[in-house]
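Contents: one structure, followed by commentary.
Just so we're on the same page: letters track the sequence lines, and every chain starts at 1.
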Amino acid sequence: MNKIFIVAEKEMNGIIRTRNMLVGIFFALWFSVMTAPVIKTVEGSLVFDQFNNLLFYFVLMLGIFMAYLFSGNVFFNEKREGIIETLLCTPLSLRQIWAGKVLGVTIPAYLIALLAAALITLIANIFSASILLPSPAILLHIVLVVPGFTAAAVGLLGFGHLLLGMRENQILNISIFVVIFFALSLANNVIGGGYAVSWAMVGGMLIVAVLLLALISYLTRYLSKERIATTIA
Amino acid sequence: MNAIEIHDMAKSFNGSPVLDEINFKVRKGEIFGYLGPNGSGKTTTMRIMLGLLKPTSGKALIFGEEPDDSNSDLRSRIGVLLENNGLYERLSAYQNLLYYARLYGVPESDRVEKIERLLEFAGLSGRRNKKVGRFSTGMKRKLGLARAMINDPEILFLDEPTSGLDPESRMIVRDLILRLSEDEGMTVFLNTHDLAEVEKVCSNAAILESGRIRACDTIVGLRRSHDKPVLEITLVDTGCAERTLNLLTSQDHAYDCERDDRMVTVALNGESPSTVLGMLVTNGIAVEEVKNATKSLEAVYLDIMKRGREHE
(Lines give C-alpha, C1' and ligand atoms only; values in the text may rest on other atoms or scores of the structure.)
Protein backbone atom coordinates (compact mmCIF):
# COMPACT_ATOMS: atom_id res chain seq x y z
CA MET A 1 0.00 0.00 0.00
CA ASN A 2 1.21 3.49 -0.80
CA LYS A 3 2.82 4.94 2.32
CA ILE A 4 0.63 8.06 2.14
CA PHE A 5 -2.39 5.80 2.71
CA ILE A 6 -0.69 4.09 5.68
CA VAL A 7 -0.29 7.49 7.35
CA ALA A 8 -3.83 8.51 6.34
CA GLU A 9 -5.33 5.29 7.71
CA LYS A 10 -3.54 5.70 11.03
CA GLU A 11 -4.62 9.35 11.40
CA MET A 12 -8.20 8.51 10.45
CA ASN A 13 -8.39 5.69 12.99
CA GLY A 14 -6.82 8.01 15.56
CA ILE A 15 -9.46 10.70 15.00
CA ILE A 16 -12.33 8.22 15.08
CA ARG A 17 -11.09 6.83 18.40
CA THR A 18 -10.68 10.22 20.12
CA ARG A 19 -13.40 12.34 21.66
CA ASN A 20 -12.80 14.87 18.86
CA MET A 21 -15.01 12.71 16.65
CA LEU A 22 -17.78 12.86 19.23
CA VAL A 23 -17.31 16.64 19.43
CA GLY A 24 -17.59 16.75 15.64
CA ILE A 25 -20.81 14.71 15.65
CA PHE A 26 -22.17 16.95 18.41
CA PHE A 27 -21.47 20.08 16.34
CA ALA A 28 -23.09 18.52 13.25
CA LEU A 29 -26.17 17.78 15.33
CA TRP A 30 -26.17 21.14 17.06
CA PHE A 31 -25.77 23.18 13.87
CA SER A 32 -28.50 21.17 12.17
CA VAL A 33 -30.95 21.50 15.04
CA MET A 34 -30.21 25.19 15.45
CA THR A 35 -30.36 26.16 11.77
CA ALA A 36 -32.72 23.87 9.89
CA PRO A 37 -35.92 24.94 11.73
CA VAL A 38 -35.51 28.41 10.14
CA ILE A 39 -37.27 26.84 7.15
CA LYS A 40 -40.64 27.14 8.85
CA THR A 41 -40.32 30.96 8.89
CA VAL A 42 -40.06 31.12 5.09
CA GLU A 43 -42.97 30.88 2.75
CA GLY A 44 -43.59 29.78 -0.83
CA SER A 45 -40.82 29.07 -3.28
CA LEU A 46 -38.28 30.90 -1.10
CA VAL A 47 -38.19 27.84 1.11
CA PHE A 48 -36.11 25.96 -1.52
CA ASP A 49 -33.61 28.81 -1.79
CA GLN A 50 -33.37 29.07 1.98
CA PHE A 51 -32.83 25.31 2.31
CA ASN A 52 -30.11 25.29 -0.36
CA ASN A 53 -28.44 28.34 1.18
CA LEU A 54 -28.38 26.54 4.51
CA LEU A 55 -26.65 23.55 2.98
CA PHE A 56 -24.31 25.74 0.96
CA TYR A 57 -23.05 27.66 3.96
CA PHE A 58 -23.22 25.34 6.96
CA VAL A 59 -21.90 22.17 5.34
CA LEU A 60 -18.88 24.11 4.06
CA MET A 61 -18.32 25.87 7.39
CA LEU A 62 -18.62 22.63 9.32
CA GLY A 63 -16.09 20.94 7.03
CA ILE A 64 -13.64 23.78 7.65
CA PHE A 65 -14.35 23.81 11.38
CA MET A 66 -13.73 20.05 11.61
CA ALA A 67 -10.51 20.53 9.63
CA TYR A 68 -9.43 23.01 12.29
CA LEU A 69 -10.47 20.74 15.15
CA PHE A 70 -8.82 17.57 13.83
CA SER A 71 -5.66 19.21 12.42
CA GLY A 72 -4.62 20.38 15.86
CA ASN A 73 -4.75 16.81 17.08
CA VAL A 74 -2.80 15.38 14.18
CA PHE A 75 -0.21 18.03 13.31
CA PHE A 76 0.17 20.22 16.40
CA ASN A 77 0.16 17.50 19.07
CA GLU A 78 2.56 15.33 17.10
CA LYS A 79 4.96 18.22 16.80
CA ARG A 80 4.57 19.26 20.44
CA GLU A 81 5.29 15.71 21.59
CA GLY A 82 8.27 15.43 19.22
CA ILE A 83 6.95 12.30 17.48
CA ILE A 84 7.25 14.10 14.14
CA GLU A 85 11.06 13.92 14.40
CA THR A 86 10.97 10.12 14.55
CA LEU A 87 8.52 10.08 11.66
CA LEU A 88 10.87 12.26 9.60
CA CYS A 89 13.59 9.64 10.09
CA THR A 90 11.47 6.93 8.43
CA PRO A 91 11.77 6.31 4.67
CA LEU A 92 8.81 8.63 4.04
CA SER A 93 9.52 12.04 2.57
CA LEU A 94 8.23 15.16 4.28
CA ARG A 95 5.63 15.68 1.55
CA GLN A 96 4.39 12.10 1.88
CA ILE A 97 3.92 12.58 5.62
CA TRP A 98 2.12 15.88 5.07
CA ALA A 99 -0.09 14.45 2.31
CA GLY A 100 -0.95 11.37 4.38
CA LYS A 101 -1.97 13.47 7.32
CA VAL A 102 -4.00 15.86 5.14
CA LEU A 103 -5.89 12.91 3.65
CA GLY A 104 -6.35 11.28 7.07
CA VAL A 105 -7.87 14.46 8.52
CA THR A 106 -9.91 15.48 5.47
CA ILE A 107 -11.88 12.23 5.26
CA PRO A 108 -13.37 12.29 8.80
CA ALA A 109 -13.88 16.08 8.61
CA TYR A 110 -15.75 15.64 5.33
CA LEU A 111 -17.79 12.75 6.76
CA ILE A 112 -18.94 15.05 9.59
CA ALA A 113 -19.88 17.68 6.99
CA LEU A 114 -21.89 15.04 5.10
CA LEU A 115 -23.60 14.05 8.32
CA ALA A 116 -24.55 17.70 8.85
CA ALA A 117 -25.93 17.85 5.29
CA ALA A 118 -28.07 14.77 5.95
CA LEU A 119 -29.29 16.09 9.30
CA ILE A 120 -30.12 19.55 7.90
CA THR A 121 -32.08 17.91 5.08
CA LEU A 122 -33.92 15.65 7.52
CA ILE A 123 -34.79 18.39 10.02
CA ALA A 124 -35.73 20.91 7.31
CA ASN A 125 -38.16 18.37 5.83
CA ILE A 126 -39.78 17.92 9.24
CA PHE A 127 -40.49 21.66 9.37
CA SER A 128 -41.49 22.04 5.73
CA ALA A 129 -44.81 21.33 4.07
CA SER A 130 -43.08 20.30 0.82
CA ILE A 131 -40.31 17.78 0.23
CA LEU A 132 -36.93 19.51 0.23
CA LEU A 133 -33.99 18.05 -1.67
CA PRO A 134 -30.66 19.71 -2.51
CA SER A 135 -30.47 21.31 -5.94
CA PRO A 136 -28.00 19.82 -8.47
CA ALA A 137 -25.68 22.81 -7.90
CA ILE A 138 -25.72 22.18 -4.14
CA LEU A 139 -25.06 18.49 -4.70
CA LEU A 140 -21.99 19.44 -6.73
CA HIS A 141 -21.03 21.83 -3.96
CA ILE A 142 -21.29 19.07 -1.35
CA VAL A 143 -19.54 16.45 -3.46
CA LEU A 144 -16.65 18.57 -4.78
CA VAL A 145 -16.38 22.04 -3.23
CA VAL A 146 -16.77 21.02 0.42
CA PRO A 147 -14.07 18.29 0.34
CA GLY A 148 -11.86 20.62 -1.72
CA PHE A 149 -12.11 23.44 0.81
CA THR A 150 -11.80 21.00 3.73
CA ALA A 151 -8.63 19.51 2.26
CA ALA A 152 -7.28 23.01 1.56
CA ALA A 153 -8.01 24.05 5.15
CA VAL A 154 -6.33 20.91 6.54
CA GLY A 155 -3.36 21.39 4.22
CA LEU A 156 -2.93 25.02 5.16
CA LEU A 157 -3.32 24.35 8.89
CA GLY A 158 -0.93 21.40 8.70
CA PHE A 159 1.56 23.55 6.82
CA GLY A 160 1.23 26.26 9.48
CA HIS A 161 1.60 23.83 12.37
CA LEU A 162 4.73 22.30 10.86
CA LEU A 163 6.24 25.63 9.84
CA LEU A 164 5.64 27.65 12.98
CA GLY A 165 6.96 27.39 16.50
CA MET A 166 4.80 26.31 19.40
CA ARG A 167 3.97 29.84 20.55
CA GLU A 168 3.06 31.04 17.06
CA ASN A 169 0.94 27.92 16.65
CA GLN A 170 -1.05 28.75 19.75
CA ILE A 171 -1.67 32.26 18.41
CA LEU A 172 -2.66 30.76 15.04
CA ASN A 173 -5.11 28.37 16.71
CA ILE A 174 -6.80 31.16 18.65
CA SER A 175 -6.95 33.45 15.60
CA ILE A 176 -8.53 30.76 13.42
CA PHE A 177 -11.07 29.94 16.10
CA VAL A 178 -12.06 33.63 16.28
CA VAL A 179 -12.38 33.80 12.47
CA ILE A 180 -14.57 30.65 12.36
CA PHE A 181 -16.70 31.93 15.23
CA PHE A 182 -17.13 35.28 13.42
CA ALA A 183 -17.98 33.52 10.15
CA LEU A 184 -20.65 31.43 11.87
CA SER A 185 -22.14 34.49 13.53
CA LEU A 186 -22.62 35.95 10.04
CA ALA A 187 -24.71 32.95 9.05
CA ASN A 188 -28.08 34.72 9.19
CA ASN A 189 -26.90 37.44 6.80
CA VAL A 190 -25.48 34.92 4.34
CA ILE A 191 -28.37 32.48 4.44
CA GLY A 192 -31.19 34.98 4.43
CA GLY A 193 -29.66 37.25 1.82
CA GLY A 194 -32.49 36.80 -0.63
CA TYR A 195 -30.45 35.02 -3.27
CA ALA A 196 -30.24 31.51 -4.69
CA VAL A 197 -27.10 29.50 -4.98
CA SER A 198 -26.29 29.31 -8.68
CA TRP A 199 -24.11 27.05 -10.82
CA ALA A 200 -21.82 30.03 -11.35
CA MET A 201 -21.33 30.47 -7.61
CA VAL A 202 -20.58 26.78 -7.09
CA GLY A 203 -18.29 26.73 -10.13
CA GLY A 204 -16.46 29.79 -8.80
CA MET A 205 -16.06 28.15 -5.40
CA LEU A 206 -14.76 24.99 -7.05
CA ILE A 207 -12.12 26.99 -8.92
CA VAL A 208 -11.11 28.72 -5.69
CA ALA A 209 -10.83 25.32 -3.92
CA VAL A 210 -8.62 23.92 -6.69
CA LEU A 211 -6.45 27.06 -6.70
CA LEU A 212 -6.11 26.88 -2.90
CA LEU A 213 -5.07 23.24 -3.06
CA ALA A 214 -2.50 24.04 -5.75
CA LEU A 215 -1.18 26.98 -3.73
CA ILE A 216 -0.84 24.91 -0.57
CA SER A 217 0.81 22.08 -2.42
CA TYR A 218 3.29 24.65 -3.78
CA LEU A 219 3.80 26.16 -0.32
CA THR A 220 4.90 22.80 1.11
CA ARG A 221 8.10 23.21 -0.92
CA TYR A 222 9.06 25.75 1.70
CA LEU A 223 8.71 23.19 4.46
CA SER A 224 11.94 21.58 5.49
CA LYS A 225 12.94 19.02 8.07
CA GLU A 226 15.29 21.62 9.52
CA ARG A 227 12.46 24.10 9.96
CA ILE A 228 10.35 21.47 11.74
CA ALA A 229 13.19 20.16 13.91
CA THR A 230 14.16 23.65 15.04
CA THR A 231 10.62 24.71 15.93
CA ILE A 232 9.75 21.72 18.08
CA ALA A 233 9.01 22.70 21.68
CA MET B 1 33.62 1.33 4.58
CA ASN B 2 32.90 3.13 7.83
CA ALA B 3 29.34 3.30 9.08
CA ILE B 4 29.68 7.01 9.89
CA GLU B 5 32.15 9.60 8.64
CA ILE B 6 31.99 13.20 9.75
CA HIS B 7 34.26 15.61 7.89
CA ASP B 8 34.99 19.16 9.11
CA MET B 9 31.38 19.61 10.03
CA ALA B 10 30.11 22.89 11.44
CA LYS B 11 26.67 24.15 12.25
CA SER B 12 25.43 27.62 13.12
CA PHE B 13 21.97 28.86 14.03
CA ASN B 14 21.37 32.51 13.09
CA GLY B 15 25.10 33.08 12.92
CA SER B 16 25.80 31.54 16.33
CA PRO B 17 28.13 28.55 16.02
CA VAL B 18 26.85 25.40 17.70
CA LEU B 19 29.28 22.90 16.21
CA ASP B 20 32.73 23.51 14.82
CA GLU B 21 35.34 21.31 13.13
CA ILE B 22 33.64 18.05 13.98
CA ASN B 23 35.55 15.05 12.65
CA PHE B 24 35.16 11.42 13.59
CA LYS B 25 34.55 7.99 12.13
CA VAL B 26 32.57 5.06 13.40
CA ARG B 27 33.39 1.59 12.13
CA LYS B 28 30.71 -0.97 11.34
CA GLY B 29 29.66 -3.03 14.34
CA GLU B 30 31.09 -0.55 16.82
CA ILE B 31 29.25 0.99 19.79
CA PHE B 32 30.36 4.61 19.70
CA GLY B 33 29.72 6.91 22.64
CA TYR B 34 29.20 10.61 21.97
CA LEU B 35 29.74 12.33 25.27
CA GLY B 36 29.17 15.87 26.33
CA PRO B 37 27.32 18.05 28.79
CA ASN B 38 23.84 19.41 28.07
CA GLY B 39 23.97 22.02 25.32
CA SER B 40 27.33 20.88 23.96
CA GLY B 41 25.87 20.01 20.54
CA LYS B 42 25.34 16.25 20.84
CA THR B 43 21.73 16.27 19.68
CA THR B 44 22.54 18.74 16.88
CA THR B 45 25.25 16.37 15.62
CA MET B 46 22.80 13.47 15.70
CA ARG B 47 20.11 15.49 13.95
CA ILE B 48 22.55 16.30 11.14
CA MET B 49 23.47 12.61 10.80
CA LEU B 50 19.75 11.80 10.57
CA GLY B 51 19.14 14.43 7.91
CA LEU B 52 16.94 16.53 10.19
CA LEU B 53 19.38 19.43 9.99
CA LYS B 54 21.83 20.47 7.29
CA PRO B 55 25.41 21.24 8.26
CA THR B 56 26.55 24.82 7.64
CA SER B 57 29.80 23.41 6.26
CA GLY B 58 31.48 20.03 6.01
CA LYS B 59 29.52 16.84 5.66
CA ALA B 60 28.10 13.84 7.45
CA LEU B 61 28.16 10.54 5.59
CA ILE B 62 26.25 7.46 6.67
CA PHE B 63 27.45 4.39 4.77
CA GLY B 64 29.11 6.85 2.41
CA GLU B 65 25.88 8.70 1.60
CA GLU B 66 24.50 12.07 2.65
CA PRO B 67 21.28 11.73 4.63
CA ASP B 68 19.09 14.19 2.71
CA ASP B 69 15.31 14.05 2.29
CA SER B 70 15.49 12.30 -1.06
CA ASN B 71 17.57 9.42 0.32
CA SER B 72 14.79 7.16 1.56
CA ASP B 73 16.85 4.00 0.94
CA LEU B 74 19.43 5.20 3.43
CA ARG B 75 16.75 6.03 6.01
CA SER B 76 15.36 2.50 5.68
CA ARG B 77 18.75 1.18 6.91
CA ILE B 78 18.75 3.39 10.00
CA GLY B 79 17.05 2.93 13.37
CA VAL B 80 16.44 5.93 15.60
CA LEU B 81 15.55 6.42 19.23
CA LEU B 82 15.42 10.12 19.96
CA GLU B 83 14.71 11.86 23.26
CA ASN B 84 11.06 11.29 22.49
CA ASN B 85 10.31 7.60 21.96
CA GLY B 86 8.31 8.23 18.80
CA LEU B 87 5.37 6.32 20.24
CA TYR B 88 1.67 7.12 20.05
CA GLU B 89 0.20 7.01 23.53
CA ARG B 90 -3.31 6.15 22.31
CA LEU B 91 -2.08 3.09 20.43
CA SER B 92 -1.10 -0.21 22.02
CA ALA B 93 2.49 -1.47 22.01
CA TYR B 94 1.58 -3.85 19.18
CA GLN B 95 -0.19 -1.17 17.12
CA ASN B 96 2.77 1.19 17.47
CA LEU B 97 5.18 -1.44 16.18
CA LEU B 98 2.78 -2.44 13.42
CA TYR B 99 2.48 1.17 12.22
CA TYR B 100 6.23 1.62 11.97
CA ALA B 101 6.63 -1.83 10.39
CA ARG B 102 4.28 -0.72 7.63
CA LEU B 103 6.04 2.62 7.19
CA TYR B 104 9.39 0.84 6.83
CA GLY B 105 7.88 -1.59 4.35
CA VAL B 106 8.45 -4.72 6.45
CA PRO B 107 6.85 -7.52 4.37
CA GLU B 108 3.39 -8.46 5.62
CA SER B 109 4.41 -12.11 6.03
CA ASP B 110 7.20 -11.16 8.47
CA ARG B 111 5.43 -8.44 10.45
CA VAL B 112 3.68 -10.42 13.14
CA GLU B 113 6.69 -12.62 13.87
CA LYS B 114 9.03 -9.62 13.96
CA ILE B 115 6.77 -7.60 16.25
CA GLU B 116 6.36 -10.55 18.63
CA ARG B 117 10.13 -11.04 18.68
CA LEU B 118 10.76 -7.37 19.45
CA LEU B 119 8.12 -7.31 22.19
CA GLU B 120 9.84 -10.35 23.67
CA PHE B 121 13.22 -8.62 23.32
CA ALA B 122 11.90 -5.57 25.20
CA GLY B 123 10.21 -7.76 27.82
CA LEU B 124 6.78 -6.39 26.92
CA SER B 125 5.06 -9.44 25.40
CA GLY B 126 2.56 -9.53 28.25
CA ARG B 127 1.57 -5.93 27.60
CA ARG B 128 1.31 -6.07 23.83
CA ASN B 129 -2.30 -4.87 23.79
CA LYS B 130 -1.99 -2.24 26.52
CA LYS B 131 -2.04 1.41 25.47
CA VAL B 132 1.41 3.00 25.59
CA GLY B 133 -0.01 5.94 27.55
CA ARG B 134 -0.30 3.60 30.52
CA PHE B 135 3.32 2.45 30.35
CA SER B 136 6.03 3.57 32.77
CA THR B 137 8.94 5.68 31.47
CA GLY B 138 11.15 2.59 31.43
CA MET B 139 8.65 0.51 29.48
CA LYS B 140 8.21 3.31 26.94
CA ARG B 141 11.97 3.55 26.50
CA LYS B 142 12.29 -0.20 25.97
CA LEU B 143 9.40 -0.16 23.51
CA GLY B 144 11.03 2.84 21.81
CA LEU B 145 14.17 0.77 21.39
CA ALA B 146 12.13 -2.11 19.98
CA ARG B 147 10.44 0.34 17.60
CA ALA B 148 13.82 1.63 16.45
CA MET B 149 14.73 -1.93 15.45
CA ILE B 150 11.57 -2.75 13.52
CA ASN B 151 13.41 -2.40 10.19
CA ASP B 152 16.44 -4.49 11.26
CA PRO B 153 18.64 -1.40 10.95
CA GLU B 154 22.32 -1.64 10.17
CA ILE B 155 22.96 1.35 12.38
CA LEU B 156 21.11 2.52 15.45
CA PHE B 157 21.15 6.11 16.68
CA LEU B 158 20.28 6.40 20.36
CA ASP B 159 19.81 9.74 22.08
CA GLU B 160 20.16 9.43 25.86
CA PRO B 161 18.56 5.97 25.86
CA THR B 162 18.69 5.53 29.64
CA SER B 163 17.75 9.08 30.58
CA GLY B 164 15.03 9.18 33.24
CA LEU B 165 15.18 5.45 33.92
CA ASP B 166 15.57 3.74 37.27
CA PRO B 167 18.83 1.81 37.82
CA GLU B 168 17.28 -1.56 36.98
CA SER B 169 15.72 -0.35 33.71
CA ARG B 170 19.00 1.39 32.89
CA MET B 171 20.83 -1.89 33.25
CA ILE B 172 18.28 -3.71 31.11
CA VAL B 173 18.55 -1.11 28.32
CA ARG B 174 22.36 -1.28 28.44
CA ASP B 175 22.20 -5.07 28.17
CA LEU B 176 19.85 -4.74 25.20
CA ILE B 177 22.29 -2.39 23.47
CA LEU B 178 25.21 -4.74 24.11
CA ARG B 179 23.22 -7.69 22.76
CA LEU B 180 22.45 -5.75 19.59
CA SER B 181 26.11 -5.18 18.90
CA GLU B 182 27.33 -8.61 19.96
CA ASP B 183 24.54 -10.78 18.51
CA GLU B 184 23.42 -8.75 15.50
CA GLY B 185 26.65 -6.91 14.65
CA MET B 186 24.73 -3.65 14.68
CA THR B 187 26.56 -0.31 14.71
CA VAL B 188 25.32 1.83 17.59
CA PHE B 189 25.81 5.57 17.94
CA LEU B 190 25.11 6.46 21.54
CA ASN B 191 24.47 10.07 22.50
CA THR B 192 24.79 10.44 26.23
CA HIS B 193 26.19 12.28 29.19
CA ASP B 194 26.15 9.11 31.27
CA LEU B 195 29.81 8.20 31.65
CA ALA B 196 29.12 4.88 33.34
CA GLU B 197 27.00 3.90 30.35
CA VAL B 198 29.79 4.71 27.91
CA GLU B 199 32.35 2.83 30.01
CA LYS B 200 30.10 -0.22 30.17
CA VAL B 201 28.91 -0.49 26.59
CA CYS B 202 31.11 1.54 24.23
CA SER B 203 34.33 0.56 22.55
CA ASN B 204 35.08 4.07 21.29
CA ALA B 205 33.96 7.54 22.26
CA ALA B 206 34.26 11.20 21.44
CA ILE B 207 33.98 13.94 24.04
CA LEU B 208 32.25 17.09 22.91
CA GLU B 209 32.52 20.39 24.71
CA SER B 210 31.12 23.75 23.53
CA GLY B 211 30.52 22.37 20.05
CA ARG B 212 34.04 21.00 19.56
CA ILE B 213 35.40 17.51 19.90
CA ARG B 214 38.02 17.61 22.63
CA ALA B 215 38.94 13.94 22.50
CA CYS B 216 38.12 10.93 20.34
CA ASP B 217 39.58 7.49 20.89
CA THR B 218 38.93 4.05 22.30
CA ILE B 219 37.83 4.10 25.94
CA VAL B 220 41.22 2.74 27.00
CA GLY B 221 42.96 5.23 24.72
CA LEU B 222 40.97 8.12 26.16
CA ARG B 223 42.02 7.16 29.65
CA ARG B 224 45.67 6.91 28.60
CA SER B 225 45.89 10.00 26.42
CA HIS B 226 44.58 12.28 29.10
CA ASP B 227 46.32 10.39 31.80
CA LYS B 228 48.90 11.95 33.92
CA PRO B 229 50.12 9.25 36.30
CA VAL B 230 47.64 8.48 39.03
CA LEU B 231 48.94 7.01 42.28
CA GLU B 232 47.10 5.20 45.01
CA ILE B 233 49.17 5.75 48.14
CA THR B 234 48.28 3.63 51.18
CA LEU B 235 49.61 5.24 54.36
CA VAL B 236 50.62 3.44 57.51
CA ASP B 237 48.86 5.97 59.70
CA THR B 238 45.40 7.45 58.94
CA GLY B 239 46.40 10.62 60.78
CA CYS B 240 48.94 11.47 58.07
CA ALA B 241 46.43 11.54 55.22
CA GLU B 242 45.52 15.19 55.56
CA ARG B 243 49.18 16.20 55.80
CA THR B 244 49.99 14.13 52.72
CA LEU B 245 47.31 15.88 50.70
CA ASN B 246 48.51 19.29 51.88
CA LEU B 247 52.11 18.46 51.01
CA LEU B 248 51.26 17.24 47.52
CA THR B 249 48.94 20.09 46.61
CA SER B 250 50.94 22.91 48.23
CA GLN B 251 54.01 22.05 46.21
CA ASP B 252 51.96 21.63 43.05
CA HIS B 253 52.99 18.00 42.69
CA ALA B 254 49.47 16.77 42.25
CA TYR B 255 45.87 17.69 41.48
CA ASP B 256 42.56 15.84 41.73
CA CYS B 257 43.44 14.51 45.18
CA GLU B 258 41.03 12.19 46.94
CA ARG B 259 41.22 10.65 50.36
CA ASP B 260 39.58 7.52 51.67
CA ASP B 261 40.70 6.53 55.17
CA ARG B 262 44.39 5.58 54.77
CA MET B 263 44.37 5.74 51.02
CA VAL B 264 45.19 8.88 49.09
CA THR B 265 44.61 8.96 45.32
CA VAL B 266 46.42 11.69 43.43
CA ALA B 267 46.93 12.61 39.79
CA LEU B 268 50.51 13.76 39.38
CA ASN B 269 51.40 17.04 37.78
CA GLY B 270 54.41 15.93 35.79
CA GLU B 271 56.41 14.59 38.71
CA SER B 272 57.59 11.00 38.62
CA PRO B 273 56.08 8.63 41.21
CA SER B 274 59.51 8.03 42.75
CA THR B 275 60.10 11.78 43.28
CA VAL B 276 56.73 12.08 45.01
CA LEU B 277 57.39 9.03 47.14
CA GLY B 278 60.82 10.37 48.08
CA MET B 279 59.32 13.71 49.07
CA LEU B 280 56.74 12.03 51.32
CA VAL B 281 59.34 9.85 53.02
CA THR B 282 61.66 12.86 53.53
CA ASN B 283 58.76 14.62 55.26
CA GLY B 284 58.35 11.72 57.66
CA ILE B 285 55.24 10.16 56.17
CA ALA B 286 55.22 6.38 56.45
CA VAL B 287 53.96 4.80 53.24
CA GLU B 288 52.73 1.21 53.24
CA GLU B 289 52.09 0.76 49.52
CA VAL B 290 52.11 2.76 46.28
CA LYS B 291 50.21 1.59 43.22
CA ASN B 292 49.76 3.01 39.74
CA ALA B 293 46.06 3.49 39.11
CA THR B 294 44.14 4.07 35.88
CA LYS B 295 42.17 7.25 35.68
CA SER B 296 38.45 6.68 35.34
CA LEU B 297 36.61 7.95 32.27
CA GLU B 298 34.78 10.29 34.60
CA ALA B 299 38.07 11.85 35.70
CA VAL B 300 39.19 12.16 32.07
CA TYR B 301 35.88 13.74 31.12
CA LEU B 302 35.94 16.22 33.98
CA ASP B 303 39.53 17.07 33.15
CA ILE B 304 38.60 17.79 29.53
CA MET B 305 35.64 19.92 30.59
CA LYS B 306 37.84 21.87 33.00
CA ARG B 307 40.51 22.49 30.37
CA GLY B 308 37.84 23.53 27.89
CA ARG B 309 36.51 26.14 30.32
CA GLU B 310 40.02 27.38 31.07
CA HIS B 311 40.70 27.61 27.35
CA GLU B 312 37.66 29.83 26.88
Side-chain angles (χ1 to χ4, degrees), chain A residues 1-22 70 73-101 104 162 165-166 220-233, chain B residues 11 13-14 18 43-44 46-56 62 67-92 95-96 98-106 108 131-133 140 144 147-148 150-151 153 155-157 159:
Chain A
M1 189 193 280
N2 187 316
K3 286 179 180 163
I4 291 175
F5 295 122
I6 298 171
V7 176
E9 187 188 322
K10 184 249 156 204
E11 299 305 351
M12 222 157 52
N13 286 335
I15 289 168
I16 290 166
R17 284 201 199 101
T18 61
R19 64 167 180 261
N20 271 355
M21 192 67 184
L22 289 177
F70 298 158
N73 217 29
V74 169
F75 288 97
F76 181 69
N77 288 355
E78 199 161 281
K79 188 171 178 182
R80 190 182 55 192
E81 289 162 13
I83 300 174
I84 188 75
E85 263 195 315
T86 302
L87 214 52
L88 290 172
C89 295
T90 64
L92 276 79
S93 70
L94 177 51
R95 276 171 76 89
Q96 279 178 311
I97 294 170
W98 175 82
K101 286 179 182 298
L162 293 176
M166 291 296 114
T220 56
R221 290 163 196 260
Y222 293 98
L223 264 184
S224 69
K225 289 185 176 184
E226 175 141 352
R227 177 72 199 173
I228 296 168
T230 51
T231 50
I232 288 174
Chain B
K11 178 69 184 170
F13 289 116
N14 302 321
V18 176
T43 303
T44 302
M46 191 183 263
R47 282 175 166 174
I48 291 172
M49 289 190 285
L50 294 171
L52 294 172
L53 298 177
K54 285 191 186 335
T56 309
I62 312 296
D68 54 39
D69 194 35
S70 61
N71 207 337
S72 65
D73 286 345
L74 178 61
R75 287 199 300 280
S76 66
R77 298 165 70 188
I78 292 174
V80 182
L81 177 63
L82 297 170
E83 193 181 345
N84 172 285
N85 297 305
L87 299 170
Y88 294 91
E89 305 234 321
R90 287 198 169 97
L91 299 184
S92 69
Q95 287 168 328
N96 265 288
L98 181 64
Y99 179 52
Y100 280 99
R102 294 176 74 197
L103 291 183
Y104 277 99
V106 175
E108 206 169 344
K131 282 190 177 174
V132 169
K140 283 181 191 167
R147 178 204 49 73
I150 195 74
N151 54 326
I155 184 166
L156 196 54
F157 288 91
D159 193 5

With a 4.5 angstrom heavy-atom cut-off, is it the side chain or the backbone of [X] that approaches chain A, or both, or neither?
X      : value
B:R147 : side chain
B:L87  : backbone
B:I78  : neither
B:E108 : neither

**Item:** Gap between atom CD1 of A:I228 and atom CG of B:L52 - 0.5 Å precision
**Value:**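 It comes to 9.0 Å.
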Rounding to 0.5 Å, atoms CD1 (A:I4) and OG (A:S93) come to a distance of 7.5 Å
Point to revise | Heavy-atom proximity to chain B below 4.5 Å, by part of A:E78 | key: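 Side chain of A:E78 only, per the 4.5 Å heavy-atom cut-off to chain B.
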Quick check on A:R227 against chain B: is it the side chain, the backbone, both or neither that has a heavy atom closer than 4.5 Å?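 Neither; nothing under 4.5 Å.
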Sorted by chain and residue number, the ring pair (Phe, Tyr, Trp, His ring centres under 6.0 Å) partners of B:Y104 (sequence neighbours excluded) come out as none
Applying ring pair (Phe, Tyr, Trp, His ring centres under 6.0 Å) to B:F157 and not counting sequence neighbours gives B:F189
Interface check, chain A: of B:L50, B:L82, B:N151, most non-hydrogen pairs under 4.5 Å belong to B:L82
Scored by heavy-atom pairs under 4.5 Å with chain A, the best of B:K11, B:E83, B:R77 is B:K11
| Will you find, in the side chains of A:T231 and A:K79, an N or O donor that is under 3.5 Å from an N or O acceptor? |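 There is such a pair between these side chains.
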Open item on the list: Looking only at side-chain N and O atoms, does B:Q95 offer a donor or acceptor that is under 3.5 Å from a partner on B:Y88?
Closed with: no
